[in-house]
Amino acid sequence: MNFPAIITDKKMKRALSDEQIADFVRGAADGSVPDYQLAALLMAIRLNGMDARETTTLTLEMAKSGDMLHPDVGGIPVDKHSTGGVGDTTTLVLVPLCAACGAKIAKMSGRGLGHTGGTVDKMESIGMKTDLPEEDFLRQIREIGCAVTGQSAELAPADKTLYALRDTTSTVDSLPLIASSIMSKKLASGAQGIVLDVKVGSGAIMPTYEGSLELARAMVEIGTRAGRHVSALLTGMDEPLGSHVGNRLEVKEAIDILRGESAGPLLTVSLRLGAQLLIASGIADTPEAGEALLEKALADGSGLEKLRQMIAAQGGDASVCDHPEVLAEAPVVRDVAAPCAGYIAHMDTAKLGYASQELGAGRKRKTDAIDPRVGFIMRCRVGDHLAAGAPLCTVYAAKEADFEKAQAMILDAITLSDTPAEKEKLLYALVTAEGVKTL
Ligand code: URA
Ligand code: CA
């Protein structure tokens, strides 16, 4: 293999052959190509793109770089994946609700990355195990209908290498790299039904609607060609989805929702995505029918009961479902006040995500430990009118100095205006094999 020639071809905007792409992926998976060459090619791909054939080849090669699972879960294995958000706890809401409706959710989740949170970190924040051996993972799904685990070393190892490099070389925001990263893992995990939550807005990997739509269409096409049932929802990330940001705080919000004590955009998006999972599972025929089933599992408490079972099965303390208030405790709990009266006109959601990372809810380096207690609860949404001094959010910090730093970042991220501001859009479009439906 002549790796410099592969880099040169992409640098010169030439399409790579299937063989060149296979060499690239093998080199990433087995460590035979040094990081600096991989990083150079990643940047060339980020700058010059890939066509549909190249992207599909890259995805399939990455999926094949490790184990390809055919999980026996006693039904159709389905999975949901988000491109990443802030205050985005849909997994912990919709997985139990869908399992309560009879779906078999075999979910592979990730850790927080950059400004975005990750389900694995949230689960670990309440003592749950997230490195389930394959046997236990499958048995748990057969027994209670759902399990959520981290990505094993054997699954799409090329993605592990490439993702870590992308995070540190400014090459995350690339359509072919995101599509292949997400879809390779889903194809390798054996999910037959795949529901994608593609975020749009200031906290999304692809901030523009056009970029997100193109990404969604590419992923739906790759999955459909691989014989899977795939749908993608484009949803808003122009402000945190839920009000709670930070690991234990987000678990608390999911529990509050399943207890029927909280609602709002996080529940709305969870129901929409969950309905797509029920359709992929063959349990519902239409989004409306799916949402009705999920609403029932919410109202009769069977969703909360599923979460209890899942927490216990994965070694956590399920009593948090009865006392969620214990998940909102930190040494310093203080409000950030609005500096003047006005309408909330805009939130830089990525900046809010970085504020939570600064508090210790996310990592700056791969080896950093997470503080499960810290984060913040938003007290406003875009479009709200606040009086001067009213709380913008309540910060949960480990120490006073952390609060001060986060406060400055939060004030910088939120724009107040004298003139009324419109609410942010939450639901943009549904992409399926049949086409795009604007919502
Ligand atoms: N999530 C992933 O797993 N990969 C990406 O590239 C982006 C989001
Ligand atoms: Ca806006």
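One-based numbering along the sequence shown. On a predicted model such as this, the values are computed, not experimentally measured, just so you know. First listed ligand is number 1; within each ligand, the first listed atom is number 1.
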Next item on the list: Show your working on side chain to side chain donor-acceptor pair (under 3.5 Å) between Ser202 and Asp348 and close with a plain yes or no.
Entry: CA-CA 6 Å; Ser202 61; Asp348 184 328; 5.0 Å; no
Notebook entry, point to check: Given Glu358, which of Lys351, Arg363, Lys364 fulfils the salt bridge (Lys or Arg N to Asp or Glu O under 4.0 Å) condition?
Noted result: Lys364
Margin query: Regarding Lys129 and Asp131, does a basic nitrogen lie under 4.0 Å from an acidic carboxylate oxygen?
Written below: no
Item checked: Arg217 atom CZ: more than 12 heavy-atom contacts under 6.0 Å -> no
Notebook entry, point to check: In terms of heavy-atom contacts, does CZ of Arg53 have more than 12 from other residues, nucleotides or ligands at under 6.0 Å?
Noted result: yes
Check: Could you give the distance from NZ (Lys185) to NZ (Lys160), rounded to the nearest 0.5 Å?
Finding: 9.5 Å
Check ligand 1 for N or O atoms under 3.5 Å from a protein N or O and list each pair with its distance.
{"from": "ligand 1", "atom 1": "3 (O)", "to": "His81", "atom 2": "NE2", "distance (Å)": "3.3"}
{"from": "ligand 1", "atom 1": "3 (O)", "to": "Lys185", "atom 2": "NZ", "distance (Å)": "2.4"}
{"from": "ligand 1", "atom 1": "4 (N)", "to": "Ser181", "atom 2": "OG", "distance (Å)": "2.6"}
{"from": "ligand 1", "atom 1": "6 (O)", "to": "Arg166", "atom 2": "NH1", "distance (Å)": "3.0"}
{"from": "ligand 1", "atom 1": "6 (O)", "to": "Arg166", "atom 2": "NH2", "distance (Å)": "3.0"}
{"from": "ligand 1", "atom 1": "6 (O)", "to": "Ser181", "atom 2": "OG", "distance (Å)": "3.3"}

